[in-house]
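Naming: A, B, ... by sequence-line order, numbering from 1 per chain.
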Protein chains: 4
Amino acid sequence: MQGRPRDPARDEAIRKAALELVTERGYRGMSMEGVAARSGVSKQAVYRRYASKGELLLDALDSVGREVFPVPDTGSLRSDLLPMVRAAFDLHRYSDKAFSQAVAAEAAQGPDFARLAVESVINPRRDLFRGIIARARERGEVTCPDDDVLIDLIYGPMWYALLFDFDRLTDEYAESITDAVLAAARPA
Amino acid sequence: MQGRPRDPARDEAIRKAALELVTERGYRGMSMEGVAARSGVSKQAVYRRYASKGELLLDALDSVGREVFPVPDTGSLRSDLLPMVRAAFDLHRYSDKAFSQAVAAEAAQGPDFARLAVESVINPRRDLFRGIIARARERGEVTCPDDDVLIDLIYGPMWYALLFDFDRLTDEYAESITDAVLAAARPA
Amino acid sequence: MQGRPRDPARDEAIRKAALELVTERGYRGMSMEGVAARSGVSKQAVYRRYASKGELLLDALDSVGREVFPVPDTGSLRSDLLPMVRAAFDLHRYSDKAFSQAVAAEAAQGPDFARLAVESVINPRRDLFRGIIARARERGEVTCPDDDVLIDLIYGPMWYALLFDFDRLTDEYAESITDAVLAAARPA
Amino acid sequence: MQGRPRDPARDEAIRKAALELVTERGYRGMSMEGVAARSGVSKQAVYRRYASKGELLLDALDSVGREVFPVPDTGSLRSDLLPMVRAAFDLHRYSDKAFSQAVAAEAAQGPDFARLAVESVINPRRDLFRGIIARARERGEVTCPDDDVLIDLIYGPMWYALLFDFDRLTDEYAESITDAVLAAARPA
DNA sequence: CCTTAATCGAGACGGTACGTCCTGTCTTGTT
DNA sequence: AACAAGACAGGACGTACCGTCTCGATTAAGG
């Protein structure tokens, strides 16, 4: 037997409240208590779904209609990469900033959440770049052995900027980073 | 000035307790309350010295006998860079890991601490690389216009790994990153 | 009437669980939740039968095979009374202690349950003594006008001892109380 | 060293709130949370003073200006006893009813509080009668060996009536009980 | 030498959030 | 209908820190 099913409307309300709170007031301002209050849901209903603030955070993040960014395939690594990097930086510079900082805050507080975040947020995003790099490698545009290092060169600086609130994720910066990746991909 | 002077022994005890707690129990396990208790000092004595957990964190970090790493000057960018990157990665992989993660956690929670951390920890460390790069530029080893991007290529991936608890800050990784910086420094 | 009839096995299981819990863990340890869990019955099934913890308590109490104590008729008030008082004290001193204390706790918390308890537990027990006293009155052993006062002299001290956990309900005490009742029944 | 002293005004406010709540809403309506809220004091401040609802209850009870009832000494047991019994019944019939029922409820829920209550409330009240009985014994008005039984004959029925919400603590009842005590004190 | 003023410990204080438990109701699908 | 399962709002529980605030007791430097 399976009992009364969870009310999807509540799922929704909880995620919405979490998103709002984290956006408006940052990581510190999003409490389980606050989420319950704002969503008009009992604390139990929140804890039934999420054992911790972190889980809720990730699920809320997931549920945001991650509009799929079409991975480009132009035949040139640079022109494939640049718009992707720009899009990533833009996203984290504006709409997702508070959110990503919350993820960073939680991740830095313990490996449990870190693992979770890697699985559900970090890796999927990294994967977007793997196809591009693989194709470029076939074309001979990439000779360095390790794809992951190249991806680290993109996301590393991005999270670094997010973490310390550098106001650096501009289009020019995206270009600089892209060029660095290109250089590293095919070292002299 | 008059009145009873602050007891330096207490300064020390507080920093020590903070370090111990953050090392043993991570960011979450270091509370002002706990620091006071462990150091055998009153809460007031802590707050008199540090307005916030963050300030204490940074000061404790500062006070760790930052044994000055002698910045090398070998005449070649690669051989200057590599030991520095290795040392940085090593430090954050072992002794300073919990501590740096605490800094990350706090920084991600608000711009106030982020600014503070940049000033007292992030920038000084970046500066270590500036001299190296400047000398290399004079020798013609660096043609890319922006030093900061190069430094981001080092520290970005490092903090990224710290943040999400990647176990990646090995010597090989230091070499990969160094090579990427070299390639980016003098793009084809 | 239509629909599925109630399962008597569940009636039984519920009462049993209630008795066990109240005996093992006292009033505090008997929750509707706990009863449902222990009896392997849904909470709804419990609430369908009993609107409140109190009702369940009383019904469970009732259902305990109240082995009927044969009311004596020896021709003398004292020898009728004494075994009855002893039996009552004994019962509440041992097997029924936790249970009666639970009834007391619930009764003290509101007049609703108090009324219920009086009806289903208190009065029936008082009635046991009425016949004895009536017969004694006919024999001229009782001259005081009010039977109820005499019964209060028995049960009052008993519940008082139960309430404040006096360890006083011994056989000697039963004798003392009986003698007091006798004296009060035919005052000088 | 002894730190900041507790604010007596808060002591007072807490007790007052507890009294009000228990009077207005009964035992069930008095929660630690509610007391804190009504008294405008933090929950901590309440828990710092009282480890449990019971302790607070007793202290609040104690603090009520128990106007000392002058123990009479008229030379006759009956005329000493009657006003005392009347006063006791009256008190518990009116002003103290909710309060005493709360004490009963808590006492019935566990021996810890029961012991506490006996010590601070039950025994002191019993002691009021000891002097009277002792004097009467000297005068030869009391021949029964045990004072405690006589006192049980008074307080037993009283708490019994309180517990099950009998509306019986009238002046006539006080007289009946007094006469019963007299009879029991000097049995034929 | 004797104020004067900041320090010290201890710990109270109002808050806020934590995560758990129970109450009594309700909503599923199953029997 | 009753049933198991379990979601639900609400409310209380007792605990932990936060940062501020009294206390009375030191502890130096400056008058």
Side-chain angles (χ1 to χ4, degrees), chain A residues 1-11 28-37 39-53, chain B residues 1-7 9-10 28-37 39-53, chain C residues 1-7 9-10 28-37 39-53, chain D residues 1-11 28-37 39-53:
Chain A
M1 255 163 243
Q2 96 278 333
R4 175 175 173 177
R6 298 217 178 132
D7 181 352
R10 263 137 187 142
D11 293 15
R28 286 209 141 101
M30 173 198 153
S31 63
M32 296 299 258
E33 200 106 34
V35 168
S39 62
V41 138
S42 71
K43 255 182 2 166
Q44 268 300 335
V46 179
Y47 278 108
R48 211 174 280 127
R49 289 166 170 79
Y50 308 102
S52 68
K53 196 166 155 176
Chain B
M1 211 243 288
Q2 67 241 71
R4 176 173 174 178
R6 290 205 186 146
D7 181 353
R10 266 142 188 134
R28 287 209 142 101
M30 174 200 151
S31 62
M32 296 300 257
E33 200 102 34
V35 168
S39 61
V41 140
S42 71
K43 256 169 45 160
Q44 196 57 234
V46 179
Y47 277 107
R48 233 191 305 271
R49 288 165 171 78
Y50 308 101
S52 68
K53 193 167 158 177
Chain C
M1 215 244 284
Q2 70 242 67
R4 174 174 173 180
R6 290 205 186 146
D7 180 353
R10 265 147 188 127
R28 286 209 143 101
M30 175 199 151
S31 63
M32 296 299 257
E33 198 103 36
V35 168
S39 62
V41 139
S42 71
K43 256 170 46 163
Q44 196 56 235
V46 180
Y47 277 106
R48 233 192 304 275
R49 289 165 171 78
Y50 307 102
S52 69
K53 194 166 158 178
Chain D
M1 255 163 240
Q2 97 277 332
R4 175 173 172 178
R6 297 213 180 136
D7 181 352
R10 262 132 187 149
D11 293 17
R28 287 208 140 102
M30 173 198 153
S31 62
M32 297 299 258
E33 199 107 35
V35 167
S39 61
V41 138
S42 71
K43 255 183 1 168
Q44 269 301 336
V46 179
Y47 278 108
R48 213 174 279 126
R49 290 166 170 79
Y50 308 101
S52 67
K53 196 166 156 177

- Query: Looking only at atom types and distance, does a side-chain atom of A:K53 sit under 3.5 Å from a main-chain N or O of A:M30, one as donor and one as acceptor?
  - Reply: yes

- Task: Quickly work out the C:M32 CE to E:dC21 C1' distance and round it to whole Å.
- Result: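 To the nearest whole Å, that distance equals 16 Å.
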
- Query: Separation of A:D11 atom CG from F:dA7 atom C1', in whole Å?
  - Reply: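 So the CG-C1' distance, A:D11 to F:dA7, works out to 11 Å.
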
Distances for protein N/O vs nucleotides 1-4 of chain E N/O pairs under 3.5 angstrom?
none

- Query: Is there a side-chain polar atom (N or O) of D:R10 under 4.0 Å from OP1 or OP2 of E:dG14?
  - Reply: yes

- Is any NZ, NE, NH1 or NH2 atom of the basic residue among A:D11 and A:R49 found under 4.0 Å from an Asp or Glu carboxylate oxygen of the other?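 Salt bridge: yes.
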
Quick one: closest heavy-atom pair of [X] and [Y], and the distance?
X	Y	value
C:D7	C:A9	OD1-N, 2.8 Å
C:R4	C:R10	NH2-NH1, 4.1 Å
D:Y50	D:M32	O-CE, 3.7 Å

- Between B:R6 and A:P5, who's closer to the 5' end of DNA chain E by nearest nucleotide? B:R6

- Quick one: the side chain of C:R4 and the base of E:dT31, do they pair up donor-acceptor inside 3.5 Å? yes

- Message: Which residues in residues 40-51 of chain B have a heavy atom closer than 4.0 Å to any atom of DNA chain F?
- Response: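 Heavy-atom contacts with DNA chain F come from B:K43, B:Q44, B:Y47.
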
- Message: Heavy-atom nearest nucleotide on DNA chain F for B:E33 versus D:G34: which residue maps closer to 5'?
- Response: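 The residue whose closest nucleotide sits nearer the 5' end is D:G34.
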
